[in-house]
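In what follows, chains are A, B, ... by sequence order, proteins preceding strands, each numbered from 1.
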There are 4 protein chains.
Amino acid sequence: MSIPSSTEPTANRFERRKERTRNGILRAAELVMAHKGVHATKVSDIAHRADIGVGTFYLHFETKEALFDAMVADTVRRLKDEIDEARRSVSGVIEQIRASTAALCRFASANREVFRVVFGHSGTYLRVVREAQELFAADIEVVLAEGMSQGLFTNVTPRLAAQAIIGMSTQLLAWCTEHADVPLAELEHTLNTLTLDGMCRAPA
Amino acid sequence: MSIPSSTEPTANRFERRKERTRNGILRAAELVMAHKGVHATKVSDIAHRADIGVGTFYLHFETKEALFDAMVADTVRRLKDEIDEARRSVSGVIEQIRASTAALCRFASANREVFRVVFGHSGTYLRVVREAQELFAADIEVVLAEGMSQGLFTNVTPRLAAQAIIGMSTQLLAWCTEHADVPLAELEHTLNTLTLDGMCRAPA
Amino acid sequence: MSIPSSTEPTANRFERRKERTRNGILRAAELVMAHKGVHATKVSDIAHRADIGVGTFYLHFETKEALFDAMVADTVRRLKDEIDEARRSVSGVIEQIRASTAALCRFASANREVFRVVFGHSGTYLRVVREAQELFAADIEVVLAEGMSQGLFTNVTPRLAAQAIIGMSTQLLAWCTEHADVPLAELEHTLNTLTLDGMCRAPA
Amino acid sequence: MSIPSSTEPTANRFERRKERTRNGILRAAELVMAHKGVHATKVSDIAHRADIGVGTFYLHFETKEALFDAMVADTVRRLKDEIDEARRSVSGVIEQIRASTAALCRFASANREVFRVVFGHSGTYLRVVREAQELFAADIEVVLAEGMSQGLFTNVTPRLAAQAIIGMSTQLLAWCTEHADVPLAELEHTLNTLTLDGMCRAPA
DNA sequence: TATGAATGAGGTTTCATTCAT
DNA sequence: TATGAATGAAACCTCATTCAT
């Protein structure tokens, strides 16, 4: 027993140290990129912020782009998990949309920096981010199509509406993470209203 | 007398020629940037496409950024003119929103390349573009506030809703200019529906 | 007539200037590499020696390796031309070998630096140089095979003997360019003796 | 007394273990360098191949260059020992040359990798290797001078002929270790023929 | 002694901008 | 005015070596 318990930690000590450094780099990258923008952020900025040498950066990520890819992949996975989880807890397309919106707002609020970096204006011109948007757009499209087939939703092209909803959500949330401290409830309300009911009191 | 009359046209000829070269550069920039992205476009790419020397570029624009600024400024002015014109021809906030949407869609469709560059994913990370979005957002905010004060619109924070509408519009239109050939009417319909009526058949 | 004669020089002025710079870079590279070795030579060393900016280097050569390739290709071509020319002027395999040796020695003597760089110890570890050696080895192999079929030459495997002759020649000449001022005639004599008659007075 | 007798073997065990690791590193270096070339071989490649940590490498060799120096020194010593041994067993300069050639070929054949690394194209640009070549060249020079003074050899400058013979031998053997499986006897024959008798049937 | 993560100097390459013609 | 060769600061990335465990 003593042997496994003494060797395993040793094997893990390296692993854990490495993991800690890697996370430090990711966190530093989020902070610097949120501040200076993805493009203007140099590898040396990140290294400096993470308090490591430049070479160490390349020990953990092949290139600067690879870091960004990892960051996007990680963020997208976490956001998708939260949204999927939220949706599983309710039924009905409308409730699902509300739940998704709520999860999205919660996520953006709890992960300001990385949300700004990944979904904000500083990142959207990158391929990986557009691919991530497509992933969410595809989910939304399915929900919209379902709602239409149930007669609950107005007939618009689901693919287009999905893009519109993605655009509205990311813009609004990115804007908020960059500007005023808007209460979560207000964000959610705005998105839900526009998505579901539109601006008009009575159908226009 | 004969001298002024002969020099003025000469002066104009130069002016016109200079103007033509400048426009050639702008047009070349739009095409190359729409293709390669703002960031990946080199000054030499633009010069090559415009069929001029790199040095000539700098006779017409102080820096590469100045070109982009001019491009955005020009595009924004033209788009704003068209939207303002469209809005002047109708009355009532709802009709004004419809008219704006129509003008926006028409513009995006008629100026695909430059629209992609300025409002699409490849440019939004730049300051000037964000400022341009704010300009339009401000206009929308006014309309929304007006509509609310008239009791026509649901009560949401106008500033937030304006951002959401900007995001939805630019995303959808940029997406379309990069992807499928979607009929103008369908674009307009999608935007109007979401903005005014939301997805729900009956108020949710 | 005046138009062609006035425009052509203009077109050529750029060409000539560019060509001059390119040659300056090649010459600087030969000198620096002969002094410091291929591998230890930095692009900035070459640029400094050629009295140009680093960027200018890349205007003329894609990479540092490309410069070396060009240098080898150029040197090999010139050497081959001289050897071929020399061989054309005589007949009989033995005379051809003598003529080749003479041409080789003359070339090495007239192009000390570049010979050292390309065939000397500092370059031979590079692929391009080995390929160049193979080119000359192939020529030698043909001559040897011919000499054997005519009963003039001892029977050894031509391919092996060709390699040996290449090795002897490059080593001896490279050594001489790096060391003593050995008279050309002595070099030639040594190579011819070893190649054709061997060290022994009487057949061993 | 018991203490010395028990510590000595212990000390030896450590010594032996250290020696084994050191040899493992040398052997790994030979294999990797023969494959990737001296210059392209990283310390981490060697460590990986020797199945040790990078840090361990530096417990056995001061620097990467020190390893290479040791490798060359070791190889040169072993080769020199074998050649000297072979020469001691015969008398007469011609026989000594034959014996040396035979020993050289045997060595190259029995130590392919390290021969390629030290005498092949991948290493000759390094100072230590050139020095090693000079060592052998000096020996050859002596033999040649002796042969001439005995009237057995043609009169050529011994120093030059020695360089030529070194070049011919290393090139041919290195080429063979990199290419075809040429029988030892054929190698020896080619080298002896060229060195002693030259290509010509009858003196040219 | 053995380890492998961390280091950072040093090299390559790019491209907006200048300048001589 | 038009040109395109020249410039060099600035960014990326590598790898021999060190060091804490």
How far apart are the C-alpha atoms of E113(A) and R116(A), what are their side-chain angles, what is the distance that settles it, and do they pass the salt bridge (charged side-chain N to carboxylate O under 4.0 Å, His left out) test?
-> CA-CA 5 Å; E113(A) 285 89 2; R116(A) 262 187 76 180; over 6 Å; no
Derivation of the salt bridge (charged side-chain N to carboxylate O under 4.0 Å, His left out) call for R27(D) and E30(D) = CA-CA 5 Å; R27(D) 186 67 190 148; E30(D) 289 170 12; 2.7 Å; yes
Give the C-alpha distance, both sets of side-chain angles, the deciding distance and a yes or no for salt bridge (charged side-chain N to carboxylate O under 4.0 Å, His left out) between E15(A) and R22(A).
-> CA-CA 10 Å; E15(A) 292 294 311; R22(A) 189 190 145 97; over 6 Å; no
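One atom, NE2 of H39(A), and another, P of dA10(F), lie 15 Å apart when rounded to the nearest Å. In this entry the distance linking CZ of R22(B) with C1' of dT1(F) reads 16 Å, nearest Å. Put simply, CZ on F68(A) is 14 Å from P on dC12(F), counting in whole angstrom units. The CZ atom of R16(D) sits 17 Å away from the C1' atom of dT1(E) (whole-angstrom rounding). dC13(F) atom P lies 15 Å from atom NZ of K42(D), rounded to whole Å. Counting to the nearest Å, the P atom of dC15(E) and the NE2 atom of H48(B) are 16 Å from each other. Taking atom CZ of F61(B) as the reference point, atom C1' of dA16(E) lies 16 Å away to the nearest angstrom. Here dA11(F) presents its C1' atom at 11 Å from CG of D45(A), a figure rounded to the nearest Å.
Remark: H60(A) is not in phosphate contact with dA5(E), judged by side-chain N or O atoms under 4.0 Å from OP1 or OP2. Within the structure, a side-chain polar atom (N or O) of Y58(D) is placed less than 4.0 Å from OP1 or OP2 of dT17(F). For the OP1/OP2 pair of dA5(E) and a distance below 4.0 Å, the side-chain nitrogens and oxygens of T56(A) include no atom meeting the criterion. In terms of phosphate contacts, K64(A) brings a side-chain nitrogen or oxygen within less than 4.0 Å of OP1 or OP2 of dC12(F).
Other residues, nucleotides and ligands contribute more than 12 heavy atoms inside 6.0 Å of the CZ atom of R78(A). Residue E131(B) qualifies as enclosed at atom CD: its count of foreign heavy atoms under 6.0 Å is above 12.
Each of K18(A) and R17(C) was matched to the nucleotide of DNA chain E holding its nearest heavy atom; the match closer to the 5' end belongs to K18(A). Mapping L59(B) and E65(A) onto DNA chain F by nearest heavy atom places L59(B) closer to the 5' end of the strand. Toward the 5' end of DNA chain F, the nearer of the two residues S44(A) and T63(D), judged by each one's closest nucleotide, is S44(A). Nearest-nucleotide mapping onto DNA chain E: of E62(B) and F57(A), the residue sitting toward the 5' end is F57(A).
Nucleotide dA10(F) has dT13(E) as its partner under the Watson-Crick or G-U criteria, with both atom distances under 3.5 Å. Of all nucleotides present, only dT3(E) satisfies the Watson-Crick or G-U wobble test against dA20(F), with each distance under 3.5 Å.
Using a 4.0 Å heavy-atom cutoff across all strands shown, V54(B) reaches at least one base atom of the nucleic acid.
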